[in-house]
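Below, chain A is the first sequence line, B the second, and so on; all start at residue 1.
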2 protein chains.
Amino acid sequence: MNKTISDIAQMAGVAKSTVSRFLNGGSVSEDTRQKIERIIKQYNYVPNTFAQSLKAKKTSIIGTVVPRLDSFATSQTLIGIDEELRSNQYQMLIANTSQDMQREIDAIYDFARQKVSGIILLAAEVTEAHLKAVEDIRIPVLLVGQQHEQLHSLVHNDDQAGYEMGRYVVEQGHRKIVYIGVSEKDRAVGIYRKQGFQRAIAECGGCEVKYYETSFKMSEAIVTAEAILKEITPTIIVGATDNIALGVMKIAFSNKIRIPQDLSVTGFGGYDITEMIHPTLTTVKYHYLQAGKVAANHIIRLVKGESVEERTTLDVELIPRESVDKL
Amino acid sequence: MNKTISDIAQMAGVAKSTVSRFLNGGSVSEDTRQKIERIIKQYNYVPNTFAQSLKAKKTSIIGTVVPRLDSFATSQTLIGIDEELRSNQYQMLIANTSQDMQREIDAIYDFARQKVSGIILLAAEVTEAHLKAVEDIRIPVLLVGQQHEQLHSLVHNDDQAGYEMGRYVVEQGHRKIVYIGVSEKDRAVGIYRKQGFQRAIAECGGCEVKYYETSFKMSEAIVTAEAILKEITPTIIVGATDNIALGVMKIAFSNKIRIPQDLSVTGFGGYDITEMIHPTLTTVKYHYLQAGKVAANHIIRLVKGESVEERTTLDVELIPRESVDKL
DNA sequence: CTGAAAGCGCTTACAG
DNA sequence: CTGAAAGCGCTTACAG
């Protein structure tokens with residue numbers, strides 16, 4: 001059905017190797033160039049990528065492992081990666097693991113089998129198994145969103161995010177503060193983001209903060225927030241993610257607690273939806289799209305054997321909006 | 001670096017073909033089976049997929065073309081496709097086209113080059129170029145979200161969605177109605193969804209509806225809604241998508257128009273966020289996840305040469321919530 | 001500039 | 001059950 005390089009060569013009256021050379025930008029005489037070009041156009045010939053890869057022993061594919069597809073952060077990061085990869089003639093392959101860590105590991109090995117040139121790993125947690133996989137496959141890997149001393153990584157400045165939010169909360173006069181965080185297994189969000197916040201609070205003096213923990217799911221955040229509001233009456237609740245903040249707002253509305261008059265709320269992430277809702281949510285904007293682009297850039301450099309800084313940190317940006325009252 | 005089938009064969013003291021047979025589930029003696037198995041395990045051998053595909057002339061990869069990654073509908077559909085494909089030993093390859101039609105066409109040809117077994121196409125519009133591409137590549141293609149007489153397609157019941165929403169709006173006593181739709185180029189949303197709605201309205205009698213058009217972007221919906229609200233005062237605005245409805249709510253809040261007391265609002269889609277906001281949004285739920293699974297199922301059957309109905313229609317479900325007032 | 005040949009790592013009839 | 005051989009469609013030295 002499909003023409004092969006031999007067919008083209010035969011029809012053009014030259015050798016396969018000449019066609020191959022033409023295809024790969026080698027030097028051919030003007031005369032043969034025209035002949036080959038004509039035939040290729042005529043039959044719409046496209047080289048078989050498998051045969052190419054089999055010989056070349058490499059591909060221009062970058063595998064990206066994501067824990068989930070239905071998240072603003074993931075989508076934006078993927079778009080950034082895709083754009084940048086594309087403009088450098090690389091292709092993006094996505095493996096969704098649905099938050100299943102075993103699948104994350106499997107995906108790494110699968111990518112290796114498929115001879116991807118590099119792997120971008122968006123993981124919430126880096127375990128021994130991850131490290132072993134990365135070592136086994138001998139392919140460049142870039143970690144995004146988390147940092148690890150043994151891996152090249154690209155992170156958002158979670159400490160700065162937490163700190164700026166903490167300062168802002170304090171500056172707005174809040175003293176009875178609740179912080180709803182997540183598991184420390186996710187070091188970026190669970191530890192660094194919280195630590196930044198705590199640092200700001202420590203500088204404050206008479207500030208009192210109660211820390212709670214919930215999951216990344218809005219539904220669980222609602223339950224957590226409901227329990228909290230039954231017990232105490234903070235002037236502000238700081239959610240460690242926009243989703244958590246949205247959960248807090250939800251339960252507040254249900255209980256006729258007005259935001260921000262009765263309760264202020266903030267999040268982290270800067271999801272699009274946070275400025276569409278009412279009141280708009282004060283948050284710290286993470287530059288996911290840019291992160292994706294930088295990630296793509298770094299993995300390409302890694303693939304080419306160029307040097308890349310071990311860790312890159314992206315700035316974040318506090319965005320004050322309506323959900324916080326000044327006391 | 002990596003072992004090849006020859007290495008394994010040699011170390012096991014058998015022929016390559018024997019190893020290959022073992023790998024592909026052919027019959028081998030218990031004795032050789034054990035020898036081969038041991039060596040494979042020991043060296044962590046995995047076959048080179050390129051060489052396999054080069055011979056087999058096919059892959060177990062399904063390409064999925066999506067217009068955008070940052071949409072609830074897309075994410076959910078992709079997750080469904082991925083799950084189903086995975087459990088059938090197929091792999092999903094995603095091509096994001098960022099709403100660029102040329103890239104959509106290119107993606108189809110690219111997938112063909114990479115010898116995917118089938119293609120799932122999520123497109124808002126089917127042009128001659130699409131049709132030609134599908135014809136050229138001679139690979140099964142399944143269209144999702146739109147229907148076309150020349151293509152196998154899977155759609156949500158947009159007519160039903162529009163109709164049920166129309167009936168509901170009328171039943172709730174609304175008579176001054178605004179419907180904000182989208183371009184008819186997107187036949188599913190722009191035509192069928194609206195037609196269903198119109199059918200319900202026609203049955204009503206004294207109902208008056210004004211139709212407007214906007215884009216899928218929330219930001220544009222806000223502008224459109226603002227202009228409308230300056231001119232007239234409907235009792236309800238029906239957005240052709242949840243995003244449009246969200247835009248309407250946004251501008252209403254800004255103008256101190258209370259929902260639903262002063263203005264009711266509805267959408268279509270059933271995005272997660274619609275039940276997190278306040279008031280919760282009345283909408284028609286589309287089963288994207290299921291659509292993804294069915295799509296995967298159909299494309300697999302198509303790939304295997306099994307017969308698949310030309311068009312499959314998925315039911316939708318009206319979800320009454322707080323954003324509509326009973327008059 | 002051009003071509004013949006070897007080889008990438010598999011699979012698939014075909015003999016035995 | 002097992003193996004030798006051919007071939008999938010390319011690329012890459014190597015001669016000429």
Q: Would you please enumerate the stems DNA chain D participates in, each stem being three or more consecutive Watson-Crick or G-U wobble pairs with both distances under 3.5 Å?
A: C:1-3 with D:14-16, C:5-12 with D:5-12, C:14-16 with D:1-3
Q.
According to side chain to side chain donor-acceptor pair (under 3.5 Å), who are the partners of A:N24, at least two apart in sequence or on a separate chain?
A. A:S20
**Q.** All side chain to side chain donor-acceptor pair (under 3.5 Å) counterparts of B:E30, not counting sequence neighbours
**A.** B:R33, B:Q34
(Q) Base, sugar-phosphate or nothing for A:S53? Non-hydrogen atoms, less than 4.0 Å. (A) nothing
List for me each residue that meets side-chain contact (heavy atoms from CB on, under 4.5 Å) alongside [X], sequence neighbours excluded, and say none if there are none.
X      : result
B:S53  : A:F50, B:T59
A:Q52  : A:P47, A:T49, B:R113
B:R38  : B:Q42
A:V126 : A:H130, A:L131, A:L143, A:H148, A:L151

Q: Rounded to the nearest angstrom, tell me the gap between atom CZ in A:F22 and atom P in C:dG3.
A: 14 Å
Q: Would you kindly give the CD-to-P distance between B:Q10 and D:dG3, to the nearest whole Å?
A: 13 Å
Q) When you check the phosphate oxygens OP1 and OP2 of C:dC1, does a side-chain N or O of A:T18 lie under 4.0 Å from one of them? A) no
(Q) Tell me if the CD atom of A:E135 is crowded by more than 12 foreign heavy atoms within 6.0 Å. (A) no
Any N/O pairs under 3.5 Å between the protein and nucleotides 9-11 of chain D? List them or say none.
residue, atom, partner, partner atom, Å
D:dG9, OP1, B:K57, NZ, 2.3
D:dC10, OP1, A:Y45, OH, 2.7
D:dC10, OP1, A:N48, N, 2.8
D:dC10, OP2, A:I5, N, 2.4
D:dC10, OP2, A:Y45, OH, 3.4
D:dC10, N4, A:K16, NZ, 2.6
D:dT11, OP1, A:N24, ND2, 3.4
D:dT11, OP1, A:Q52, NE2, 3.4
D:dT11, OP2, A:S20, OG, 2.7

Q.
Taking side chain to side chain donor-acceptor pair (under 3.5 Å) as the cut-off, I'd like each qualifying pair that reaches into residues 115-126 of chain A, sequence neighbours left out, listed once.
A. none
